[in-house]
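Contents: one structure, followed by commentary.
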Protein chains: 2
Amino acid sequence: MKCVLHIAPFVMTFEEMIRVAIVEDITDIREGWAGILGMSEGFTCEFTFSNAEDALQTLKQHPVDVVLMDINLPGMTGIECMTLLKPLHPQMQFMVCTVYEDDEHIFSALKAGATGYILKKTEPGKLLDSISDLHQGGSPMNSMIARKVISNFQKPQAEPNLYTLTQREQELLQLLSKGLRYKEIANQLFLSPDTVRTHIRNIYRKLEVQSRTEAINKVFHS
Amino acid sequence: MKCVLHIAPFVMTFEEMIRVAIVEDITDIREGWAGILGMSEGFTCEFTFSNAEDALQTLKQHPVDVVLMDINLPGMTGIECMTLLKPLHPQMQFMVCTVYEDDEHIFSALKAGATGYILKKTEPGKLLDSISDLHQGGSPMNSMIARKVISNFQKPQAEPNLYTLTQREQELLQLLSKGLRYKEIANQLFLSPDTVRTHIRNIYRKLEVQSRTEAINKVFHS
DNA sequence: GATGCCATACCATAAAAGTGGTATTTACAC
DNA sequence: GTGTAAATACCACTTTTATGGTATGGCATC
């Protein structure tokens, strides 16, 4: 687990430089990107990390402009890392750079605070453009990914919330929110109606509510 | 109100051509685009329309691959036009091409079924790329617009619905959706609990539901 | 002025939901 | 191995909801 500090040569004023950090476990890729950034005007690669834990520790005290973040890392994932870092430094921009093109990874990354999402196959020139773009307030992304984001946007969504409910309780709440009666829930889950009652009682206790509607509002409608 | 049919010269097989329609009221822009498409291999401009009504009438019977749609049109807007056409031909792709960069226009367009959103200032080469991209399942858009979409995506949302409920019934339903008990609703509206009951019975009848949660889901969560 | 819709209101009853207590089994942690 | 959390289950009881019928005054429309 190493953390390499790249000191940028002062060939231009520091203000103009976009300060970048790289979080990527594959050495070749990490050093390749760092090399590209180092050679390019307007960019300075301030840190490179081979894992999310090191990145978290350093970046929470030394934020940069843009973080190039891989998702699949040993130990903590890039998503978890962003979730922790974003609230600390809301102005810090995260560019996810990964091989994943599936909905789940894309949406988790965006929810964690990523505002750029590019694929590892992106060529170097495009990478630099994307970093600039992100830094200037854009959201660079592959148009196939944009499509997924738009599709999701066009459909109404209802996403769950966690609270401290157990898996089973969340499952119950899900059915509760559909308007099913206790008996129907019991049948669907092969449970006794009494068990359903018990679960729901526990859900209400945890959520500090007194009715189905209150529970649904609290968990599903912020 | 004219509708010009451009017959594409058969210099290449028809299957490879992306069939495009243009809806744009400014003649210079409309003909400019048509010219660009006409000169470019792989594209055929099948229709141009100077207003949404004509576009609607023709396209509902003669769908194309991609519709280049302006928003600000005389009479019916491009948004309304898309709302009507999209359900008829779900495979037809709409590329909104406008000067508007504000949230409201972008989101209405996307909700109406647009999957591409570019600005009028887009240069011709980029326009052709974007049309190809859209046709191949991408969602080309300016990265500033992508950012707006992502921002919205990252925030939760909730929007109302009307149905055929009276003003009073909607008011009742609103309180019902907050999880208030009949007595509480009655107190808040200075009504008898029995009147509250009656209203709610009527609401359920109109919505064809049997419980509070079903009613809420039907009206508020599409 | 008859008809229909809306808002109000009452009565009655059945079904569902909510609240309390308690118990067993499994599993995981300390 | 003792304690705790989770999932299952039963009983009893109260409150809230859902459903039925019915009625009256106001207002608009035909």
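So you know, we letter chains A, B, ... as the sequences are listed, proteins then strands, and number each from 1.
Within the 4.5 Å cutoff, the side chain of A:Leu37 has heavy atoms near those of the A:Ile22 side chain. Using a 4.5 Å heavy-atom cutoff, the side chains of A:Met76 and A:Leu84 are in contact.
Here D:dT15 presents its C1' atom at 16 Å from CG of B:Leu180, a figure rounded to the nearest Å. When the P atom of C:dA17 is taken as reference, atom NE2 of A:His199 falls 16 Å away, rounded to whole Å. One can place CD of A:Gln210 at 17 Å from C1' of D:dT17, the figure rounded to the nearest angstrom. Protein atom CD of A:Glu214 is 15 Å distant from nucleotide atom P of C:dA17, rounded to whole Å. D:dA7 atom C1' lies 14 Å from atom CD1 of A:Ile200, rounded to whole Å. Atom-to-atom, CG of A:Leu172 to C1' of D:dA7 comes out at 10 Å; the value is rounded to the nearest Å. Atom CG in A:Asn202 sits roughly 17 Å away from atom P in D:dT4 (whole-Å rounding). Across the protein-nucleic acid pair, A:Arg205 atom CZ and C:dG21 atom C1' stand 14 Å apart, rounded to whole Å.
At C:dA15, none of the side-chain N or O atoms of A:Tyr182 fall inside 4.0 Å of OP1 or OP2 (strictly under the cut-off). Taking only side-chain nitrogens and oxygens, B:Arg168 never comes nearer than 4.0 Å to OP1 or OP2 of C:dC6. For the OP1/OP2 pair of C:dT19 and a distance below 4.0 Å, the side-chain nitrogens and oxygens of A:Tyr204 include no atom meeting the criterion.
More than 12 heavy atoms of other residues, nucleotides or ligands sit less than 6.0 Å from atom CD of B:Gln91. Other residues, nucleotides and ligands place no more than 12 heavy atoms under 6.0 Å from the CD atom of B:Gln57.
The 5' end of DNA chain C is approached more closely, in terms of each residue's nearest nucleotide, by A:Lys183 than by the other of A:Val209 and A:Lys183.
With rounding to the nearest 0.5 angstrom, the CE atom of B:Met69 is 11.0 Å from the CD atom of B:Glu24. In this structure, the separation between CG on B:Asp25 and CG on B:Asn72 is 6.5 Å, given to the nearest 0.5 Å.
Relative orientation of the A:His105 and A:Tyr100 rings is parallel, given thresholds of 30° and 60° on the angle between their planes.
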Polar atom pairs (N or O), protein with nucleotides 9-13 of chain C, under 3.5 Å:
| residue | atom | partner | partner atom | Å |
| --- | --- | --- | --- | --- |
| C:dA9 | OP2 | B:Ser192 | N | 2.8 |
| C:dA9 | OP2 | B:Thr195 | OG1 | 3.0 |
| C:dA9 | O5' | B:Thr195 | OG1 | 3.3 |
| C:dA9 | N7 | B:Thr198 | OG1 | 3.4 |
| C:dA9 | N6 | B:Thr198 | OG1 | 3.2 |
| C:dC10 | OP2 | B:Ser192 | OG | 2.7 |

